[in-house]
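All ligand and atom numbering here is 1-based and tracks the order in the structure. Side chains are part of it too, since the values below use all heavy atoms of this structure and drop only hydrogens, waters and symmetry mates.
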Amino acid sequence: MPASNVFLIDHPVIQTKLTELREISTEPRKFRALLNEIASLMVYEVTRSWPTKPRPIHTPMEPMTGCQLARPITLVPILRAGLGMADGVLRLLPDAHLGHLGVRRDEETLLPIAYYQKLPPNIAETEVLLIDPMLATGGSGAAAVTYLKQAGVSAMRFVCLVAAPEGITALHAQHPEIPIYCAAIDRQLNEKGYILPGLGDAGDRLFGT
Ligand code: PRP
Ligand code: URA
């Protein structure tokens, strides 16, 4: 049972694709395709409680009042590996604007180093999806959330594929109100801060580095 404000999306199609993604022999071309497919599938659950507003239209038969999403959307991938989910999310939310946050872990200290930020000017008025396949120590995710809050963002969800219990605890220690959506909560981190069983280094597997 996930902790509060943590949503585990354990749909069988997602779990099947995630297993293929984790498999060591899955090469970058397939890895990219699977990552985007899983991100697309997760969008349904991640956005389920987003508010809508009335939209009057005419069908070919008569007028009616339908609905549309109440607020514009901003997608913020954490570079690099978050880029691997962006096209998949955009497939379902093609009007979203994109911000980019460059954050990488220092390999010795495991602390996040922020190296790039570019956000749309109206981001504070939008629903924000912060995306990164991995939540390990939680350092990168927490730093990204802090930056977005400083930019005025109040409606934000963190979307990842694989979360470590340590990362969930660390992110929620700093930002308990931010919902975390994931496709798996794995066992633990190893001594180098990698998730077990995990999928290895997401950025390296995505880009072949
Ligand atoms: C990976 C991953 C997350 C981060 C998670 O990025 O994509 O951003 O590690 O680890 P954390 O929760 O311990 O901070 P990485 O730092 O490897 O950069 P990259 O995406 O450029 O490879
Ligand atoms: N970053 C990754 O890409 N994988 C891990 O297991 C941990 C951090």
Between Thr146 and His175: side-chain donor-acceptor atoms closer than 3.5 Å | yes
Show which atoms of ligand 2 fall inside a sub-4.0 Å distance from at least one heavy-atom site of Gly200.
-> 2 (C), 3 (O), 4 (N), 5 (C), 6 (O)
Gly203-ligand 1 polar pair, N/O distance under 3.5 Å = no
For residues Lys149 and Met156, determine if any side-chain heavy atom of one lies less than 4.5 Å from a side-chain heavy atom of the other.
-> yes
Counting only N and O atoms by type, is there a donor-acceptor contact under 3.5 Å from the side chain of Thr59 to the main-chain atoms of Glu62?
-> yes
With heavy atoms and a 4.0 Å threshold, my read on which part of Ala202 contacts ligand 1 is neither
Quick note on ligand 2: atoms under 4.0 Å from a heavy atom of Arg105 include exactly 7 (C), 8 (C)
Determine if the distance from atom 5 (C) of ligand 1 to the closest protein heavy atom is below 4.0 Å.
-> yes
For residues Ile185 and Ile168, determine if any side-chain heavy atom of one lies less than 4.5 Å from a side-chain heavy atom of the other.
-> yes
The protein heavy atom nearest to atom 5 (C) of ligand 2 is Tyr194 CD2, 3.4 Å
Counting from 1, what ligand 2 atoms have a heavy atom of Gly193 closer than 4.0 Å?
-> 7 (C)
Going by atom types only, do Arg71 and Thr52 share a side-chain donor-acceptor pair under 3.5 Å?
-> no
Between Thr137 and Arg105, a side-chain donor and acceptor under 3.5 Å | no
Name the option, out of Gly138, Cys160, Ser140, that contains the heavy atom nearest to atom 12 (O) of ligand 1.
-> Gly138
Counting heavy atoms not belonging to Glu107, are there more than 12 under 6.0 Å from its CD?
-> no
Do Ile195 and Leu135 touch side chain to side chain, with heavy atoms closer than 4.5 Å?
-> no
Heavy-atom contacts with Met134 under 4.0 Å: which atoms of ligand 2 show up? List them by number with element.
-> 2 (C), 3 (O), 4 (N), 5 (C), 6 (O)
Counting only heavy atoms, which portion of Asp132 has something under 4.0 Å from ligand 1: side chain, backbone, both, or neither?
-> side chain
At a non-hydrogen distance cut-off of under 4.0 Å, which region of Ala136 contacts ligand 2 (side chain, backbone, both, or neither)?
-> side chain
Return the residue, atom name and 0.1 Å-rounded distance of the protein heavy atom closest to atom 17 (O) of ligand 1.
-> Asp201 OD2, 4.0 Å
Near Ala202 (heavy-atom distance under 4.0 Å), the atoms of ligand 2 are 2 (C), 3 (O)
Numbering the atoms of ligand 1 from 1, which are under 4.0 Å from a heavy atom of Met134?
-> 2 (C), 3 (C), 5 (C)
Which ligand 1 atoms are under 4.0 Å away from a heavy-atom of Ala81?
-> 7 (O), 20 (O)
At a 4.0 Å cut-off, with the gap strictly under it, does some heavy atom of Gly198 reach an atom of ligand 2?
-> no
Going by the atom numbers of ligand 2, which of them fall below 4.0 Å from some non-hydrogen atom of Ile195?
-> 5 (C), 6 (O)
Heavy atoms only: which of Arg104, Arg80, Arg105 is nearest to atom 22 (O) of ligand 1?
-> Arg80
Backbone N/O of Thr26 and side chain of Arg205: donor-acceptor pair under 3.5 Å | yes
May I ask you to check whether over 12 heavy atoms, not counting those of Ile24, lie within 6.0 Å of atom CD1?
-> no
Any Arg205 heavy atom less than 4.0 Å from ligand 2 | no
Rounded distance (nearest 0.5 Å) linking atom CD1 of Ile38 with atom CG of Leu161 | 5.0 Å
Has the side chain of Gln15 got a donor or acceptor atom that lies under 3.5 Å from a matching backbone atom of Ile9?
-> yes
Residue and atom name of the nearest protein heavy atom (relative to atom 13 (O) of ligand 1), distance in Å to one decimal = Thr137 OG1, 2.5 Å
